[in-house]
Amino acid sequence: MTGPAGTVSGRVSVVRAGLWLIATVLAVRQLVAVLSTPRGERLTDLETWIGPSGVLHVKGSLYDGTDPFTGTPFSGLVLKPLSRAAEQALGWGWTFGSLALVVALGLVAARALPQPVSRRTSLFAAPVAISLLMLSLPVRNAFTLGQTSILPVLLVLLGCFAVRGQKTSGVLVGVAAALQPTVLLFAPLLWFTGRRRAAVVSGATFVGATLLAWAAMPQDSWTYWVHHLAGAGLSTDPAANANQSLHGMLLRFGLEKPLEILLFLVLGAAVAVLGLRRAVTYARDGQLLLAVAVTGCVAVAVSPTTWQHQLLWVLLAVVGRVGKRASDRYMWPVLVVLALTLPSKMLLPNMPVVEPIRDNVVLIAALAAAVVVPFLSRTSPLYRTPIATEYAEPVPARWKWVPLVPVWRRVLARPNLILELLLIRVGYSAYQQVRLAATGGTISGGRATAERHGHQVHSIEKFLHIDIEHWVNHTVVGGAPWLKDFFNFYYTSFHFVVPLSLLAFMYVRRPAEYRWARSALGFATILALIGFWAYPLAPPRLMPGLGFIDTVHGAQDFSKPNYGTLTELTNQYAAMPSLHFGWSLWCGIVIVVLARRWWVKALGLVHPLCTVSAIVATGNHWILDAVGGATVVCLGFFLTYVLQGPRVRTVKAAAARAASDGPDPVRPLSDSTSS
């Protein structure tokens, strides 16, 4: 094909191939991660079940011993024959079989997207779905432990979307319920959406499979269904954070029987009724995949125990569309994907006030999908065409050989606050992890290299006659005590307060310029992380023999330094470039550019001046570290300018120019954009 249509088709093919490549890389990475793990550390649950000493291999009850089987008796009946397989062959077969289940699950989910979907969305859906599944914590946990939790989800999706005939559909759902009892909640969904025969068959299949297991293992069946109340009492610690169910949450809140049982039953019944009603509504609206996801989220909440590998239902809820504005359309999918792919400690800080939310992040997402989030109906005009995002006028590229990123258009509207806060939090968590790992993850891991680099920097500064750190450090310590206290306070306090305050001000008062400034700060921080990784550097205070005084932490044993609670959480050898100075310089540049009054501009310049004085006086950085910080900040602004174009000076000015040039050429977002 030639011409514009052929160009677009070629780009779509390239993007699709790239997405499939990403999905393949993630799948291979998952296989390598599991198969390269030493024996005894991989497929631990599978080993507990069917290993040489596993509960399915030896004679006796499944539910006796210190590490009992936690699945249903029917699961044990199905898995028992595998105990005769060779351990090595079983490990490889189980891992590759789990991969096949994930791929099948992604393909079925992609085909089940609520109609209508654009051709582009349908082409991209399968690799994106498989990639998200591979990245999700439930799938990674199931691979590592050797769990069967992927199978019930796939059986339900096959029963709802892939097979013909209500009888076959009911059998698949019934078998899934026999493996995971709360899946039986799909029977009411089938009944109230007109598939009554499938609902009856699913219930009959569940009963038949359970009776078959009861006949084969009567004592174990009695133990599971009666003595332990459908497996509720088999867990060694149902109050653990890994149990993301209402029962686990109430236990973590300190509630105990019988009050806890009563609250669990009441809340579980309310969630089940409200969630199933919503699921039926979405199914009748033509959003059956969303209805399946909502029902699965109900099952997550009302189950006595829902471990991490059983939480895939929540990930399916990304198909629901929420929000009137196009800029809000991605909020719900991003929240769900982050909750299902990142540890909760990356989403929320380790603070007591947010602990109840942090410990129940996935459960909150499941409850939100089940009973709270107002998913749009397909009959709503906003379902396909949300309120369009307001963009500034297009601008030409600064250089022809460096084109602007076509999807990075200059948005005038204020970004979604929840997504921005999550972006800042996740970005800072990633920054901490990379910064800590830059010297092997320990304070002493890269000490020799960092000290060698410190001598290099010191030698360069002496050659340039800018080695003033020792003089400044001792002058401040030997001078007025208030000066040392001032620099210590400035170093420890203003590093985060000023940038966050400035970001908050711009978000409220200058939303378009907030995006410009935030992008520059993000680029600068990423470049700094590369510097930390490539060039670990000891600050002056950690250089033995040079006589620097650590004014903030006091004298240190360099082999076992002590910085209080941050000793194990920070990399003290990430000195180049100095983000203390870099972030302060970013603040100064933004204030000088945006402020209207001269004295405010002057105050903006005072902050980086005080910061560079503080980092040198306290012995925390070399002068060249500040030069490095200034370099990454300038590169951050440069990359933002090159890729996005000049900043939007004010929303009002941009709107006035657009009005004088004629009607806004930006058309409303199509369904292909919002899908």
Side-chain angles (χ1 to χ4, degrees), residues 325 327 389-398 404 408-417 419-421 423-424 427 486 489-490 493-525 578-615 626 629-662 664 666:
R325 300 187 306 166
S327 57
T389 301
E390 187 180 5
Y391 296 100
E393 305 166 34
V395 293
R398 180 63 179 84
L404 301 180
W408 196 356
R409 301 162 68 186
R410 300 183 301 164
V411 182
L412 296 177
R414 183 175 292 109
N416 186 282
L417 179 59
L419 290 183
E420 287 300 300
L421 292 176
L423 175 65
I424 293 173
F486 169 76
F489 175 76
Y490 207 96
S493 302
F494 285 79
H495 181 44
F496 296 108
V497 172
V498 177
L500 290 177
S501 300
L502 188 56
L503 285 171
F505 172 81
M506 286 189 293
Y507 179 86
V508 175
R509 300 294 298 272
R510 307 281 186 86
E513 288 159 334
Y514 165 84
R515 293 176 181 270
W516 159 77
R518 178 252 281 153
S519 299
L521 182 63
F523 279 129
T525 304
S578 169
L579 277 188
H580 258 84
F581 178 69
W583 287 0
S584 69
L585 180 63
W586 172 87
C587 293
I589 292 174
V590 170
I591 292 173
V592 168
V593 169
L594 300 184
R596 297 185 177 92
R597 295 177 175 85
W598 68 268
W599 61 269
V600 179
K601 295 177 183 288
L603 285 178
L605 295 177
V606 167
H607 178 51
L609 180 62
C610 289
T611 301
V612 72
S613 301
I615 63 176
T631 301
V632 296
V633 168
C634 292
L635 287 174
F637 282 107
F638 174 76
L639 288 174
T640 303
Y641 184 87
V642 168
L643 299 177
Q644 189 180 14
R647 68 184 180 87
V648 180
R649 297 188 181 277
T650 63
V651 176
K652 184 177 180 181
R657 288 196 302 271
S660 63
D661 294 339
D664 188 358
V666 180

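For the single chain, residues carry numbers from 1 onward in sequence order. What you are looking at is a predicted structure, and each value in this text was computed from that prediction instead of being measured.
- Taken to the nearest 0.5 Å, the CZ atom of Phe581 stands 11.5 Å off from the SG atom of Cys610.
- A donor-acceptor pair shorter than 3.5 Å cannot be found between the side chains of His580 and Tyr490.
- Taking CG from Leu585 and CG from Leu605, the interatomic distance works out to 9.5 Å, rounded to the nearest 0.5 Å.
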As a quick check of understanding, evaluate side chain to side chain contact (heavy atoms under 4.5 Å, CB included) for Val590 and Phe637, giving each step before the final call. CA-CA 10 Å; Val590 170; Phe637 282 107; 4.1 Å; yes
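- Between Val633 and Ala524, the closest heavy-atom pair is CA-CB, 3.9 Å.
- Closest approach of His495 to Leu579, counting heavy atoms only: CE1-O, 3.4 Å.
- The heavy-atom pair separating Ser501 from Val497 by the smallest distance is OG-O, 2.7 Å.
- Distance OG1/Thr640 to CZ/Arg515: 13.5 Å, rounded to 0.5 Å.
- Side chains of Thr525 and Trp583 form a contact here, defined as non-hydrogen atoms less than 4.5 Å apart.
- Among all heavy-atom pairs drawn from Val498 and Cys587, the shortest one is CG1-SG, 3.7 Å.
- Between Pro608 and Ser584, the shortest heavy-atom contact is CA-OG, 3.5 Å.
- Nearest heavy atom pair, residue Ser578 against residue Ala626, reads CB-N, 4.1 Å.
- Partners of Ser613 according to the side-chain contact (heavy atoms from CB on, under 4.5 Å) rule, which considers only residues two or more places apart in sequence or in another chain, are Phe487.
- Below 30°, between 30° and 60°, or above 60°: for His607 and Phe494 the angle between ring planes is between 30° and 60°, a tilted geometry.
- Of the possible polar contacts, one joining the Trp586 side chain to the Ala517 backbone as a donor-acceptor pair under 3.5 Å is found.
- Sparse packing is recorded around CZ of Phe489, with 12 or fewer heavy atoms of other residues, nucleotides or ligands lying under 6.0 Å away.
- With sequence neighbours excluded, the residues that form a side-chain contact (heavy atoms from CB on, under 4.5 Å) with Trp599 are Arg597, Leu603.
- Contact annotation: the side chain of Glu420 never approaches that of Leu503 to less than 4.5 Å [non-hydrogen atoms, C-beta and beyond].
- Note: Leu594 CG to Ile589 CD1 = 11.5 Å, rounded to the nearest 0.5 Å.
- Applying the side-chain contact (heavy atoms from CB on, under 4.5 Å) test to Ala595 and every residue at least two apart in sequence or in another chain returns Ile591, Val600, Lys601.
- Remark: aromatic rings of Trp516 and Tyr641 are distant, center separation not under 6.0 Å.
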